[in-house]
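For reference, the structure discussed in these notes is given below.
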Amino acid sequence: MIPYSDTTLLDRIAPRLAGEGDDSGPGGPDDGQVGTATKTRAKPKKPSQFKVLMLNDDYTPMEFVVMVLKRFFNMDLEQATRVMLHVHQKGVGVCGIFPYEIAETKVNQVMDFARQNQHPLQCTLEKA
Ligand code: TYC
């Protein structure tokens, strides 16, 4: 039998959808031999989401930060202004939460764009 803690939620609530519970395999129904080792997981999956953080500085113009938030995080003017002012007042703010590769790409895009425009704006990643 596959231990409770080693199954995914889907395995538990909908074994047929998850590809488990095939009665037709060797040994017939409920012989404890269904599924494969690759369907089980020793540990729960690690969270793979990352926050993209914007950092305050004294030199980057507010308008530039708003432009960055609109361009790379698809915010409208109101959202972008709110996030920019939050970063300006608190020192750091969240631009969005994404899978690692997308978060990393956005950080690089922001840093490249800031550098091209000679602003010291900093952007970084943090595990969500
Ligand atoms: N503090 C900057 C200024 O007063 C504005 C600013 C906001 C800079 C947010 C960076 O991430 C930032 N011009």
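Count residues from 1 along the sequence. Atoms within a ligand are numbered from 1 in the order they appear, just like the ligands themselves.
Under a 3.5 Å cut-off, the side chain of K106 and the backbone N or O of F73 do not form any donor-acceptor pair.
Rounded to the nearest 0.5 Å, atoms CE (M111) and OG1 (T124) are 8.0 Å apart. If you take OG1 on T60 and CD on Q122, they are separated by 8.5 Å, rounding to the nearest 0.5 Å. Note: D112 CG to N108 CG = 6.0 Å, rounded to the nearest 0.5 Å. Rounded to the nearest 0.5 Å, atoms CG (L69) and CG (N74) are 10.5 Å apart.
Between D58 and ligand 1, not a single N/O pair is under 3.5 Å apart. Among the atoms of H88, some N or O lies under 3.5 angstrom from an N or O of ligand 1. Note: no N/O pair closer than 3.5 Å links V65 and ligand 1 by distance alone.
Residue-ligand proximity, L121 to ligand 1, at heavy-atom distances under 4.0 Å covers atoms 10 (C), 11 (O), 12 (C). For ligand 1 and T60, the ligand atoms under 4.0 Å from any heavy atom of the residue are 2 (C), 3 (C), 5 (C), 6 (C), 8 (C), 13 (N). In summary, the atoms of ligand 1 found under 4.0 Å from a heavy atom of V87, numbered by their order in the structure, are 9 (C), 11 (O), 12 (C). Within ligand 1, counting atoms from 1 as listed, the ones closer than 4.0 Å to a heavy atom of M62 are 5 (C). Under a 4.0 Å criterion applied to the non-hydrogen atoms of L55, ligand 1 contributes the atoms 10 (C), 11 (O), 12 (C). The ligand atoms of ligand 1 that sit less than 4.0 angstrom from a heavy atom of M54 are 11 (O).
The side-chain contact (heavy atoms from CB on, under 4.5 Å) search around N117 returns F64, F113, H119, not counting sequence neighbours.
Two different hydrophobic clusters hold L121 and L55 under the rule that ILVMFWY side chains link at heavy-atom gaps under 4.5 Å.
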